[in-house]
Protein chains: 2
Amino acid sequence: MEQTNENKKTILIVDDEKPIVDILVYNLEKEGYKTLEANDGLTAVDIALSQKPDLILLDIMLPKMDGLTVCKKVRATLNVPILMLTAKDEEIDKILGLELGADDYITKPFSVRELMARIKANLRKTDARVATNEDSEKGNANKIEVGELQLNLDKFETKVSGEIIDLTIREFEVLKFLASQPGQVVTREVLLEKVWGYEYYGDIRTVDVTVRRIRGKIEKDTANPKILVTKRGVGYYIKNN
Amino acid sequence: MEQTNENKKTILIVDDEKPIVDILVYNLEKEGYKTLEANDGLTAVDIALSQKPDLILLDIMLPKMDGLTVCKKVRATLNVPILMLTAKDEEIDKILGLELGADDYITKPFSVRELMARIKANLRKTDARVATNEDSEKGNANKIEVGELQLNLDKFETKVSGEIIDLTIREFEVLKFLASQPGQVVTREVLLEKVWGYEYYGDIRTVDVTVRRIRGKIEKDTANPKILVTKRGVGYYIKNN
DNA sequence: TATTTTTGTAACAAAATTGTAAAAAAAACT
DNA sequence: AGTTTTTTTTACAATTTTGTTACAAAAATA
């Protein structure tokens with residue numbers, strides 16, 4: 001709903017019943033998700049591994065390869081949340097085996113509303129994991145210091161010579177990426193991929209503008225930057241002496 | 001509240017179906033629990049009494065001694081939360097009727113997500129009990145203090161500059177979670193998972209509204225919060241200077 | 001020096017985020 | 001049961017951030 005085209009979450013729907021798939025596609029796209037479809041197990045694995053969706057809706061009863069195997073195969077290489085669709089009267093053991101490998105399950109018939117809620121919740125869980133794992137939890141010293149520049153990754157706080165600087169997230173992320181490898185010149189392409197995300201297809205000069213904004217906040221003289229420096233013809237880097 | 005490697009919670013899994021045990025072990029350890037296994041009722045009682053796990057996952061159908069008896073025996077000497085696994089709905093009456101002291105039950109098939117939620121919820125209950133009994137009995141005032149903010153965890157009482165503020169449970173829990181790690185910016189996703197719970201399916205903006213209500217009670221000027229502050233693009237945190 | 005390429009910059013437009021109130025729903029309490 | 005309190009959802013406005021563009025300035029090249 002609030003997602004731009006670039007970072008829509010992708011959901012892979014695996015079901016051989018066309019009308020069900022259609023309903024799911026309609027509702028998911030209305031909610032702002034991008035959808036992929038697979039009508040049998042083999043195709044499902046293919047698409048999952050090549051497209052790397054953010055979540056998989058997986059029916060148990062499938063042609064060519066059953067849901068259990070799909071689940072296993074996908075899980076072997078991808079850590080994507082899998083939400084199983086099960087009919088109520090399917091064999092208990094079969095379901096049980098499957099359920100335990102999946103993150104969540106929902107029995108048919110289900111309400112669209114409930115399904116959407118489950119999807120949201122499962123996607124959120126991934127987001128939360130990424131946020132905490134990457135940043136704190138692992139006991140990493142959550143600070144980066146380069147010369148007069150200090151970044152506190154827990155507080156998202158930036159200091160220059162002890163003075164707190166108010167950066168936006170985008171600015172902070174760029175600075176964080178550069179400061180994590182001081183001296184290393186980073187191209188705009190790499191910055192776009194690492195900070196903006198690999199599927200981002202905006203203008204590359206966006207990087208320049210963001211750098212300019214950061215400089216406006218951390219440099220005394222933006223025309224003669226001492227911290228975030230340009231390597232002409234290549235990109236930008238943080239001076240580390 | 002977060003678990004360090006040394007005091008991981010231990011969970012005893014009692015089930016005679018090897019594949020199920022394996023999957024449970026895998027998922028529980030992924031979530032940071034230590035696991036013990038028992039394949040029959042007799043062994044289960046032995047391990048429970050000697051190892052004193054923090055929680056027991058107990059299947060009803062077991063060789064040598066059935067789950068219900070195991071439950072009784074263990075409960076006779078240990079006050080550990082027991083989560084029963086049942087295959088059929090009819091067995092629920094059995095569990096409830098017999099007053100075995102099982103804390104919770106979950107019917108097969110269940111999802112990993114649901115099981116984890118139940119486990120967490122039951123462990124939380126114990127934590128709460130322990131907190132109130134052990135800490136307050138010893139006279140350790142169970143408090144969090146950050147600047148002008150004081151939380152008394154035993155009394156569920158909040159003070160700002162010495163003045164008692166009346167918060168609801170939800171409000172208190174949010175404030176408590178944030179205040180337990182002042183300065184640390186917490187995303188809405190993490191708050192939802194930690195305060196509302198693993199199984200929560202609601203809207204993420206609920207967090208905003210709760211924060212707003214807390215501010216209405218603890219801040220002089222909600223438009224310029226000095227205690228519970230927004231980190232735009234990330235989440236919320238408690239200012240700790 | 002003139003030309004081309006690259007980078008800096010400001011201004012505007014678009015998009016995303018947050019604050020807020022109020023209605024609806026759910027839970028707790030009589 | 002009905003009533004009150006708490007919580008969630010929803011919608012909208014205000015604000016902030018971000019992206020795009022056009023042009024200027026600087027550096028590199030011929």
Side-chain angles (χ1 to χ4, degrees), chain A residues 1-9 31-32 113-114 116-117 120-121 124 127 156 158 165-175 185-189 191-192 195-197 199-219 221-237, chain B residues 156 158 165-175 185-189 191-192 195-197 199-219 221-226 228-237:
Chain A
M1 205 162 261
E2 307 101 25
Q3 284 155 359
T4 65
N5 285 333
E6 295 83 49
N7 60 1
K8 271 186 186 173
K9 301 277 183 176
E31 286 285 320
R113 187 182 165 72
E114 190 186 353
M116 291 302 154
K120 257 204 253 174
R124 212 162 43 214
D127 290 345
F156 291 83
T158 309
I165 306 288
D166 189 42
L167 294 186
T168 69
I169 306 307
R170 188 58 34 109
E171 290 160 8
F172 187 83
E173 294 293 336
V174 168
L175 196 55
V185 180
V186 181
T187 64
R188 293 171 178 76
E189 284 81 7
L191 273 171
L192 268 194
V195 177
W196 275 258
E199 74 257 59
Y200 183 79
Y201 59 89
D203 195 310
I204 199 150
R205 298 298 307 282
T206 298
V207 176
D208 299 45
V209 178
T210 303
V211 164
R212 159 70 181 123
R213 285 179 181 143
I214 297 171
R215 282 178 175 159
K217 294 177 179 180
I218 69 170
E219 300 279 3
D221 177 11
T222 57
N224 289 88
K226 302 293 180 199
I227 303 170
L228 204 177
V229 190
T230 304
K231 180 70 196 176
R232 188 169 234 267
V234 193
Y236 300 98
Y237 67 100
Chain B
F156 290 86
T158 308
I165 305 287
D166 189 40
L167 294 185
T168 67
I169 307 297
R170 182 80 4 129
E171 291 160 8
F172 186 82
E173 292 292 333
V174 168
L175 197 54
V185 180
V186 181
T187 63
R188 292 169 178 76
E189 285 81 8
L191 274 170
L192 268 194
V195 176
W196 274 258
E199 69 272 40
Y200 185 76
Y201 292 136
D203 195 292
I204 198 146
R205 297 298 307 280
T206 298
V207 175
D208 299 45
V209 179
T210 304
V211 164
R212 161 72 179 116
R213 247 184 287 112
I214 296 172
R215 282 178 176 159
K217 294 177 179 181
I218 69 171
E219 299 279 1
D221 177 10
T222 57
N224 290 88
K226 303 294 179 198
L228 204 176
V229 189
T230 304
K231 181 67 206 178
R232 190 170 233 268
V234 191
Y236 299 99
Y237 66 99

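Naming convention: chains lettered A, B, ... in sequence-line order (proteins, then strands); numbering from 1 in each chain.
- Considering only heavy atoms from C-beta on, B:Trp196 comes within 4.5 Å of B:Val174 through its side chain.
- Taking 4.0 angstrom as the limit, B:Thr206 places a side-chain polar atom (N or O) nearer than this to OP1 or OP2 of D:dT9.
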Dot-bracket pairing map - DNA chain C, Watson-Crick plus G-U, both contacts under 3.5 Å, | cross-strand: ||||||||||||||||||||||||||||||
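- Side-chain contact check for A:Val209 versus A:Arg205: every heavy-atom pair is 4.5 Å or farther apart.
- To the nearest 0.5 Å, atoms CZ (B:Arg213) and OG1 (B:Thr168) are separated by 6.0 Å.
- We find that CD of B:Glu173 is positioned 14 Å from C1' of D:dT6, with the value rounded to whole Å.
- Counting heavy atoms from C-beta on, the side chains of B:Asp166 and B:Lys217 never come closer than 4.5 Å.
- The side-chain heavy atoms of A:Val186 and A:Val234, taken from C-beta on, include no pair separated by under 4.5 Å.
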Any N/O pairs under 3.5 Å between the protein and nucleotides 23-30 of chain D? List them or say none.
from: D:dA26; atom 1: N3; to: A:Arg232; atom 2: NH2; distance (Å): 3.3

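- The distance from atom CZ of B:Arg170 to atom C1' of C:dA28 is 14 Å, rounded to the nearest whole Å.
- The distance from atom CD of B:Glu171 to atom P of D:dT5 is 14 Å, rounded to the nearest whole Å.
- Rounded to whole Å, the distance from CG on A:Asn224 to P on C:dT7 is 17 Å.
- Within the 4.5 Å cutoff, side-chain heavy atoms of A:Asp203 are placed close to those of A:Thr206.
- Per the geometry, NZ belonging to B:Lys231 stands 17 Å off C1' belonging to C:dG19, to the nearest Å.
- Atom P of nucleotide D:dT7 and atom CD1 of B:Ile204 are separated by 18 Å, given to the nearest angstrom.
- The shortest distance between side-chain heavy atoms of A:Tyr236 and A:Val185 does not fall below 4.5 Å.
- Between B:Thr210 and B:Ile214, the closest side-chain pair of non-hydrogen atoms falls below 4.5 Å.
- When all heavy atoms of A:Ile218 and A:Ile227 are compared, the pair lying nearest together is O-CD1, 3.7 Å.
- Contacts between residues 207-217 of chain A and DNA chain D, counted as heavy-atom distances below 4.0 Å, involve A:Val209, A:Arg213.
- Residues A:Leu228 and A:Glu219 are in side-chain contact: their nearest non-hydrogen atoms beyond the backbone lie under 4.5 Å apart.
- Looking at A:Glu173, its side chain never comes within 3.5 Å of a backbone N or O of A:Arg170 through a donor-acceptor pair.
- OP1 or OP2 of C:dG19 lies within a sub-4.0 Å distance of a side-chain N or O belonging to B:Thr230.
- Taking atom CD1 of residue A:Ile169 and atom C1' of nucleotide C:dT17, one finds them 11 Å apart after rounding to whole Å.
- Taking 4.0 angstrom as the limit, A:Tyr236 places none of its side-chain polar atoms (N or O) nearer than this to OP1 or OP2 of C:dT6.
- A:Arg215 and A:Thr230 make their closest contact through NH2-OG1, 2.6 Å (heavy atoms, listed as atom of the first residue, atom of the second, distance).
- Between A:Lys120 and A:Asp203, the one whose closest nucleotide on DNA chain D sits nearer the 5' end is A:Lys120.
- In terms of phosphate contacts, A:Trp196 brings a side-chain nitrogen or oxygen within less than 4.0 Å of OP1 or OP2 of D:dG19.
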